[in-house]
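Right, I'll just put the structure down here and ask away after.
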Number of protein chains: 2
Amino acid sequence: MKVLTKNTDYAIRALLALAAKKGSYMSAKSIATEHDIPYQFLRRLLQQMIRHNLIVSKEGVQGGFMMQKNPDEITVTELIEIFQGKVQVSECMFRKQICGNRARCVLRHEIMRIEQVVQSEFEKVTIGKLLRDLEAANPVHQKATTIS
Amino acid sequence: MKVLTKNTDYAIRALLALAAKKGSYMSAKSIATEHDIPYQFLRRLLQQMIRHNLIVSKEGVQGGFMMQKNPDEITVTELIEIFQGKVQVSECMFRKQICGNRARCVLRHEIMRIEQVVQSEFEKVTIGKLLRDLEAANPVHQKATTIS
DNA sequence: TTAATTGATACTAATATAGTATCAATTAAA
DNA sequence: TTTAATTGATACTATATTAGTATCAATTAA
Ligand code: FES
Ligand code: FES
């Protein structure tokens, strides 16, 4: 059982790259090569993130993508929802015969409780947090300004 | 993002049926029809559960399946592992370039922490607990003995 | 004018999930 | 002892999801 698919995985990595270069544009090509993400695949992910207002883009030479939303407000939960759909444990585990009344079904409650736990755990993890953790662990990285 | 697949879903339902009839055999056919599970699909699941010593079977007329392991010791985590593989958030989110040393990677720690949370939440849910909840909510069910 | 870029979209490949079919072996019961 | 109900084993098909590739038009800095 794999919780994060490649979509989400790559998206997080791309966002970390953009968050690190906050304020300047970075091309899909450079993100792809630097972080070992399939180029065309990445482009599709970036466009989805534009639609969700996480990032912005500029076309043409010297164009690229740039962080828009505050990295501390981008949670892994949000990314999972964008790329894998809302977290749901199971549509409805025990239909018909067993469970007549959906409304006050204990099993359903149990399921929804877990959904909540999972979701809130992922909510604690933001791009901002990950980036700070990364930089703390890996102080080699200098803060990128305009040096390509 | 769907956490429980049909395998696990059906397996849980089948186990609840068997747990309710503890001590007597119940055929795949009756489980399938009573709980609306595709017959041949179910049979495969039952055989997997035999291999994991959750249930036992008896061949021939009047044969069927019977609970073996204590329902309170069958966790949803165990079932997920059997039918969907071990819970893992992501193989390794940031390879190569970003993360040189796997050993003390903060991101990896974060991931593993969540894995633990998810896993332990599902560990709290046992077949025994689900069955008791079900019976409490649905007191129509009489304890099945030998009446078919 | 050109080359580097994104926008949009269609396509293919690989894998996982879901479901079906078949036949041999066993066994209770007619 | 024959038969029908059952499990054991396994192969097969269908569908959906995930992963990845390709193409071409539009934009824009140099
Ligand atoms: S399990 Fe679906 S309503 Fe009870
Ligand atoms: S993310 Fe894989 S080792 Fe750091």
Side-chain angles (χ1 to χ4, degrees), chain A residues 1-11 13-14 18 24-33 35-52 54-66 68 79-80 82-86 88 90-91 93 146 148, chain B residues 1-11 13-14 18 24-33 35-52 54-66 68 79-88 90-91 93 146 148:
Chain A
M1 181 205 163
K2 201 170 40 179
V3 177
L4 299 186
T5 59
K6 293 283 183 187
N7 293 325
T8 314
D9 176 332
Y10 291 158
R13 291 200 256 160
L18 292 177
S24 61
Y25 286 97
M26 192 174 177
S27 74
K29 194 176 173 189
S30 59
I31 298 174
T33 54
H35 298 285
D36 200 31
I37 305 174
Y39 177 63
Q40 297 292 7
F41 198 164
L42 174 63
R43 299 224 294 131
R44 227 175 28 200
L45 302 177
L46 290 167
Q47 301 212 354
Q48 283 182 264
M49 292 197 276
I50 287 173
R51 279 182 222 117
H52 285 85
L54 304 184
I55 59 179
V56 289
S57 67
K58 194 175 76 173
E59 275 181 292
V61 176
Q62 298 282 51
F65 301 85
M66 187 169 65
Q68 164 140 90
L79 296 172
I80 290 179
I82 293 174
F83 294 110
Q84 301 174 232
K86 219 167 167 54
Q88 66 174 172
S90 169
E91 285 180 27
M93 193 152 35
T146 21
S148 79
Chain B
M1 181 204 162
K2 202 170 39 175
V3 177
L4 299 186
T5 58
K6 294 284 184 187
N7 293 327
T8 315
D9 177 330
Y10 291 158
R13 292 200 255 159
L18 293 177
S24 62
Y25 287 96
M26 190 176 179
S27 74
K29 194 176 173 190
S30 58
I31 299 173
T33 54
H35 298 284
D36 200 30
I37 305 174
Y39 176 63
Q40 296 294 4
F41 199 162
L42 172 65
R43 297 224 294 133
R44 227 176 28 200
L45 301 177
L46 290 167
Q47 300 212 353
Q48 282 182 266
M49 292 196 277
I50 288 173
R51 278 182 224 115
H52 286 86
L54 304 185
I55 60 179
V56 289
S57 66
K58 192 175 76 175
E59 275 180 292
V61 176
Q62 297 282 50
F65 301 85
M66 188 171 63
Q68 165 139 90
L79 296 171
I80 290 180
E81 283 185 12
I82 292 174
F83 294 109
Q84 302 173 233
K86 218 168 167 54
V87 174
Q88 67 174 168
S90 167
E91 285 182 26
M93 193 153 36
T146 19
S148 77

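Keep in mind that this is a model prediction, so the values were computed, not measured. Each chain gets a letter, A, B and so on, in the order the sequences are listed, and its residues count up from 1.
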### Query
Does A:Ser27 have any side chain to side chain donor-acceptor pair (under 3.5 Å) partners at least two apart in sequence or in another chain, and if so, which?
A:Ser30
### Query
Rounded to whole angstrom units, what separation is found between the CG atom of B:Leu45 and the C1' atom of C:dG19?
11 Å
### Query
Under the side chain to side chain contact (heavy atoms under 4.5 Å, CB included) test, which residues partner B:Lys86, sequence neighbours left out?
B:Glu81, B:Gln119
#### Entry: Value in whole Å for how far the P atom of D:dA19 lies from CZ of A:Phe83
12 Å
Hey, what are the protein-to-nucleotides 7-15 of chain D N/O distances that come in under 3.5 Å?
from: D:dT7; atom 1: OP1; to: B:Ala28; atom 2: N; distance (Å): 2.9
from: D:dT7; atom 1: O3'; to: B:Ser57; atom 2: OG; distance (Å): 3.2
from: D:dT7; atom 1: O2; to: B:Glu59; atom 2: OE2; distance (Å): 3.2
from: D:dG8; atom 1: OP1; to: B:Ser57; atom 2: OG; distance (Å): 2.5
from: D:dG8; atom 1: OP2; to: B:Gln47; atom 2: NE2; distance (Å): 3.3
from: D:dG8; atom 1: N7; to: B:Arg43; atom 2: NH1; distance (Å): 3.2
from: D:dG8; atom 1: O6; to: B:Arg43; atom 2: NH2; distance (Å): 3.0
from: D:dA9; atom 1: N6; to: B:Arg43; atom 2: NH2; distance (Å): 3.3

#### Entry: Heavy-atom donor-acceptor pair, A:Gln84 side chain to A:Thr5 backbone, under 3.5 Å
yes
### Gap separating the CD1 atom of B:Ile37 from the CG atom of B:Leu45, nearest 0.5 angstrom
8.0 Å
### Message
Would the distance check show the side chain of B:Gln62 and the main-chain N or O of B:Tyr25 forming a donor-acceptor pair, the cut-off being under 3.5 Å?
### Response
no
### Query
Is any side-chain nitrogen or oxygen of B:Gln62 closer than 4.0 Å to OP1 or OP2 of C:dA29?
yes
### Task
Rounded to the nearest angstrom, tell me the gap between atom CG in B:Asp9 and atom C1' in C:dT17.
13 Å
### Task
Kindly say whether B:Lys29 contributes a backbone atom to a donor-acceptor pair with the side chain of B:Thr33 at under 3.5 angstrom?
yes
### Task
Could you list the residues that satisfy side chain to side chain contact (heavy atoms under 4.5 Å, CB included) with B:Gln40, not counting sequence neighbours?
B:Arg43
### Message
For the helix from C:dT1-D:dA30 to C:dA30-D:dT1, what angle separates the axis at the start from the axis at the finish, each from five pairs, in steps of 10°?
### Response
0°
#### Entry: d(CD1, A:Ile80; C1', D:dT18) in whole Å
16 Å
### Summary
Those residues at least two apart in sequence (or on a different chain) that pass ring pair (Phe, Tyr, Trp, His ring centres under 6.0 Å) with B:Tyr39 are none
### Message
Measure CG/A:Asn7 against P/C:dT15 and give the value in whole Å, please.
### Response
16 Å
### Query
Expressed in angstrom and rounded to an integer, what is the separation of B:Leu42 atom CG from C:dA21 atom C1'?
16 Å
### Query
Quick one: are A:Phe65 and A:Leu18 in side-chain contact, heavy atoms under 4.5 Å?
yes
### Message
Tell me the interatomic distance from B:Gln48, atom CD, to C:dT17, atom P, rounded to whole angstroms.
### Response
12 Å
### Message
Would you say A:Tyr10 places a side-chain N or O within less than 4.0 Å of OP1 or OP2 belonging to D:dA19?
### Response
no
